[in-house]
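Report on the structure given below.
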There are 2 protein chains.
Amino acid sequence: MKFSPLVEKLINDLQIMPGIGPKSAQRIAFYLLDHNRDGALKLGETLTEAMNNISYCPKCRSYSDGEECEICRDAGRQDSGIICVVESPADVLAIEQTGEYNGTYFVLHGHLSPIEGIGPGELGLDELARLLDTGRYHEIILATNPTVEGDTTAHYIAHMAGRRNVVATRIARGIPVGGELESIDGSTIMRSLAGRSPL
Amino acid sequence: MKFSPLVEKLINDLQIMPGIGPKSAQRIAFYLLDHNRDGALKLGETLTEAMNNISYCPKCRSYSDGEECEICRDAGRQDSGIICVVESPADVLAIEQTGEYNGTYFVLHGHLSPIEGIGPGELGLDELARLLDTGRYHEIILATNPTVEGDTTAHYIAHMAGRRNVVATRIARGIPVGGELESIDGSTIMRSLAGRSPL
């Protein structure tokens with residue numbers, strides 16, 4: 001038994017969102033239809049507006065409305081001479097929340113993955129090369145995720161930086177603050193030992 | 001630090017969906033922006049189309065595109081003389097999946113809840129009264145949820161049916177098939193004992 005085809009279509013289309021399966025999509029569809037049609041109409045408009053108008057900052061590839069983003073317009077941060085490479089805009093938020101970093105960013109929107117057809121072009125590495133060529137940066141921090149793909153991407157970019165005499169550094173891997181040694185995996189503990197520092 | 005205001009708006013608007021908090025909304029927004037703008041544009045259109053065009057079947061109040069739904073158009077089911085009252089269209093789906101029920105439905109889209117301002121009018125009980133007045137039904141099955149509100153609603157409707165000489169029945173409460181007695185709450189076991197049947 002099916003409801004009207006439009007209900008089916010709504011339930012199907014909601015499933016393009018990550019983490020939303022058939023059951024959640026049905027729950028969301030019924031909730032919106034019964035309790036929040038105005039909100040859903042507004043969401044529909046916002047989706048259209050956002051997908052059509054949000055682009056990447058021409059300098060750091062973070063989200064912006066076409067112009068340079070807030071961080072790239074900040075002269076103090078540009079003058080720091082440090083650029084931090086991350087995989088996603090969410091990582092920019094995470095680092096900004098610490099309040100400890102005062103350089104600029106470069107967002108890859110992914111990592112090198114030949115299997116998925118993601119090469120240096122897809123990650124904007126030619127733009128990054130052009131930035132490094134300006135001679136404005138003395139250090140590039142590689143803050144891609146500590147996964148196989150993130151490490152590979154970091155090594156690739158470190159090589160790029162080396163040829164341009166920019167120092168490439170990698171964020172530290174080790175025991176998370178508040179973590180318990182006994183519940184941490186072996187390779188993290190190995191990294192943590194290898195990266196030990198004098199007290 | 002904020003991205004463009006449109007990104008913020010998208011993350012905010014996504015949170016009207018039940019079960020989607022700030023973190024999930026951000027993940028969904030970034031995923032759609034980076035990996036599926038076409039899908040998101042289609043979802044935007046579908047939301048608008050669905051909210052503007054999906055209405056309730058004039059007979060059973062299940063979802064339809066304005067006309068009577070598939071079940072209400074089925075003469076065999078209309079002739080059964082049995083109507084089943086449920087709280088939500090999802091309950092219709094659940095009962096239909098058993099393939100054991102051959103009557104019609106009436107969907108309340110909620111339950112009586114004076115605190116939330118939901119009275120008989122909001123649940124369409126005047127329409128249900130009109131259906132019962134036709135004399136076409138000899139039994140009304142009350143399949144609202146076995147909660148305090150569901151029980152109250154069932155009693156209210158049973159009273160309506162009684163005045164019209166329609167037999168009102170309530171779905172059985174008891175141990176779920178495959179359930180283990182030791183892990184079932186006391187009130188369900190009490191119900192299960194009270195509703196015992198000869199073997």
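Letters go in sequence order (proteins before strands), and every chain restarts at 1.
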Next item on the list: State, yes or no, whether a side-chain contact exists between B/Leu47 and A/Leu32 at a heavy-atom distance under 4.5 Å.
Entry: yes

Next item on the list: Taking the side chain as every heavy atom from C-beta outward, state whether A/Asp65 and A/Asn53 have any atom pair closer than 4.5 Å.
Entry: no

Heavy-atom proximity to chain B below 4.5 Å, by part of [X]:
X: A/Gln26; value: side chain
X: A/Leu14; value: both
X: A/Phe30; value: both
X: A/Thr48; value: both

Next item on the list: Test salt bridge (charged side-chain N to carboxylate O under 4.0 Å, His left out) on B/Arg77 and B/Glu96 and set out the steps.
Entry: CA-CA 12 Å; B/Arg77 300 188 75 144; B/Glu96 284 299 293; 2.7 Å; yes

Next item on the list: Look at the side chain of B/Arg37 and the backbone N and O of A/Asn52, then say whether any donor-acceptor pair between them is shorter than 3.5 Å.
Entry: no

Checklist line | Proximity of residues 121-136 of chain B to chain A, residues having a non-hydrogen atom under 4.5 angstrom | finding: none

Between [X] and [Y], is any side-chain donor less than 3.5 angstrom from a side-chain acceptor?
X: B/Glu139; Y: B/Thr169; answer: yes
X: B/Asn145; Y: B/Thr147; answer: no
X: A/Arg173; Y: A/Ser187; answer: no
X: B/Asp151; Y: B/Tyr156; answer: no

Notebook entry, point to check: If you count heavy-atom pairs under 4.5 Å with chain A, which of B/Pro18, B/Gly39, B/Gly44, B/Ala50 comes out on top?
Noted result: B/Pro18

Margin query: Looking only at heavy atoms and a cut-off of under 4.5 Å, which of B/Asn12, B/Val7, B/Leu33, B/Leu10 has the most pairs with chain A?
Written below: B/Leu33

Select, from [options], the one with the greatest count of heavy-atom pairs under 4.5 Å involving chain B.
options: A/Pro89, A/Ser24, A/Pro5, A/Ser55; value: A/Pro89
options: A/Asp34, A/Ile28, A/Asn36, A/Asp38; value: A/Asp34
options: A/Met17, A/Lys42, A/Arg27, A/His35; value: A/Met17

Margin query: For A/Tyr63 and A/His109, I'd like to know if the aromatic rings sit close, meaning centre-to-centre distance below 6.0 Å.
Written below: yes

Next item on the list: For a side chain to side chain donor-acceptor pair (under 3.5 Å) with B/Thr144, tell me which candidate from B/Glu149, B/Glu87, B/Arg170 qualifies.
Entry: B/Arg170

